[in-house]
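The block underneath contains the structure these notes are about, expressed in structure tokens.
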2 protein chains.
Amino acid sequence: MAGSTAADRGREVRRRLLRVAAELIAERGWTAVSTRMLAERAGVAPGVVHYHFSSVRALLAEAALGVIGDVVEQAGPALARAATPGEALGLMMGLLEDHDGRDATSLLFTEAYLAATRDEGLRRSLAEVMTGFRRRLAGHLTEHAVPFPEATAAVLAAAIDGIVLHRALGPGLEASDVAPVLHRLVTPLDRHAPDDDRPPPRKAGESA
Amino acid sequence: MAGSTAADRGREVRRRLLRVAAELIAERGWTAVSTRMLAERAGVAPGVVHYHFSSVRALLAEAALGVIGDVVEQAGPALARAATPGEALGLMMGLLEDHDGRDATSLLFTEAYLAATRDEGLRRSLAEVMTGFRRRLAGHLTEHAVPFPEATAAVLAAAIDGIVLHRALGPGLEASDVAPVLHRLVTPLDRHAPDDDRPPPRKAGESA
DNA sequence: GACCGTCCTGGACGATTGACCAAATTCTAC
DNA sequence: GTAGAATTTGGTCAATCGTCCAGGACGGTC
């Protein structure tokens, strides 16, 4: 009864393999993830990997795209709900606080970017996701009279990834430090913003 | 004649291995570079690799640090010579034009960042290099009354790497697009700069 | 009961991996 | 000349790689 037991368990194993793949990409690096590693950590026999996926390469790509898609599709609508660019930036700073550059998600993003340079299909899929995010962010910036909205959106997205990347080398790039800097990018004009959009107050003693 | 032939040839082989290692890291990915690949492309027998280096891991780290050190030590002094932050930014935009995210140097940087999260020694060395660069850039920004100089320097450095990373996914992030955006970060105040510090006019030509 | 499709097991295949080494070679120093 | 150091060679070693496959296990349908 209950629909199907075998098929359900199969889907569950498939999901588990995807989750484990995302972990291992971050831990060992994209090209260092092996069939047997995946199987062992997922608690299945090695053959299961090639039963559910055509190749390890395909498994890694699907796993990475899944995680990245989730993050972007979670951040996108939240961004659209922000009343001001400053508020939207605050949301992105929240992302920065969650990811210190050494966590699985941060590393997965970077590993995926690199893998995309060696896998044309992955590159196209990834470009699609990032273009969608940039477009949404650019639309938000346009509505609030931020100059160079498309370029600013692209720079903001890239800066987030770059900051996460650099943070992996060590401390010293806290969200509270970079927020006032990035805030200058989303200030509507050279003068003060018409709506409430001030830079977050500096906490004393940090970056001096 | 001329001092030494054997030792010189040895050093030459060592240098060649380092150069080849940098190429292969970019082409195949850090963890996918093998002893025999290195030897074959360098035109030597496989055993030579472990004669000159204690391990492949050590060879890759030394190769990456060498290239990155060269780039930073070339950009650093040039940055110090810039008369205005806008000019300094122009130099960094030149770097952006040289590296489209798919070239060997761009990929090597990112691969090294990732490898550093799995190699404590490499992480420390890399952090030292990047801290030096940030400090130099921050000093330059401080002299020109740019607000949040340390944080701005860190964000600029990270943004460059992030932009290069995103550019690997496809076109649409030209230096001419991002320059006006980043320029807002190095504007001394909300009003116009006292010295000549306008966004660099865009020529279709080359970089510097 | 027999039958069938889905899922999984465990091992086989040839190729490749990092590391290592004895022997050959080449050069320097005496 | 000859001794000795430095460099290179070509191969071995156990381990691991991705992929594939014959067969077992399980649940649902006759």
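Note that these values count all heavy atoms, side chains included, but never hydrogens, waters or copies made by symmetry.
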Would you say B/Arg41 has more than 12 foreign heavy atoms packed within less than 6.0 Å of its CZ? yes

At 4.0 Å (heavy atoms only), tell me whether B/Val48 reaches a base, stays on the sugar-phosphate, or touches nothing. base

What distance do A/Glu174 atom CD and A/Asp100 atom CG have between them, rounded to the nearest 0.5 Å? 9.5 Å

Are the side chain of A/Thr117 and the backbone of A/Tyr113 linked by a donor-acceptor contact shorter than 3.5 Å? no

Which residue lies toward the 5' end of DNA chain C, A/Arg36 or A/Gly43, if each is placed at its nearest nucleotide? A/Gly43

Ignoring backbone atoms, test whether A/Ser34 places a side-chain nitrogen or oxygen under 4.0 Å from the OP1 or OP2 oxygen of D/dT16. no

Whole angstroms only, please: what is the CG-P distance between B/Leu17 and D/dT7? 13 Å

Whole-Å gap separating P (C/dT17) and CG (B/Leu60): 13 Å

After noting the C-alpha distance and the side-chain angles of A/Leu182 and A/Met92, does the key distance pass the side chain to side chain contact (heavy atoms under 4.5 Å, CB included) rule? CA-CA 10 Å; A/Leu182 290 182; A/Met92 298 176 72; over 6 Å; no

Please tell me if B/Tyr51 has a side-chain N or O lying less than 4.0 Å from either OP1 or OP2 of D/dT7. yes

Closest nucleotide of DNA chain D for A/Gly47 versus for B/Val13: which of these residues is on the 5' side? B/Val13

A/Val56, nearest nucleotide to its side chain (from D/dG18, C/dT9, D/dT9): D/dG18

Quick check on side chain to side chain contact (heavy atoms under 4.5 Å, CB included): which of B/Val13, B/Thr35, B/Val20 does B/Val49 satisfy it with? B/Thr35

Is A/Glu128 salt-bridged to A/Arg124, cutoff N-O under 4.0 Å? no

Just the rounded figure in Å: distance from C1' of C/dC8 to CG of A/Asp8. 16 Å

Over how many whole Å does the gap from A/Arg11 atom CZ to C/dC7 atom P extend? 8 Å

Think B/His52 has a side-chain N or O under 4.0 angstrom from the OP1 or OP2 of D/dA6? no

Could you state the CZ-P distance from A/Arg9 to D/dG28, rounded to the nearest angstrom? 12 Å

Rounded distance in Å - NE2 (A/His50) to P (C/dC13): 18 Å

Rounded to the nearest angstrom, tell me the gap between atom CD in B/Glu40 and atom P in C/dG18. 13 Å

If you fit an axis to the five pairs at each end of the helix from C/dG1-D/dC30 to C/dC30-D/dG1, how big is the angle between those two axes, to 10 degrees? 10°

Does A/Val49 reach a base, just sugar-phosphate, or nothing at all? Heavy atoms under 4.0 Å. nothing

Side-chain (B/Arg167) to main-chain (B/His99) donor-acceptor, under 3.5 angstrom: yes

Whole Å only: how far is the CG atom of A/Leu38 from the P atom of C/dT9? 14 Å

Would you kindly compare B/Met37 and A/Pro46 by the position of their nearest DNA chain C nucleotide and give the one closer to the 5′ end? A/Pro46

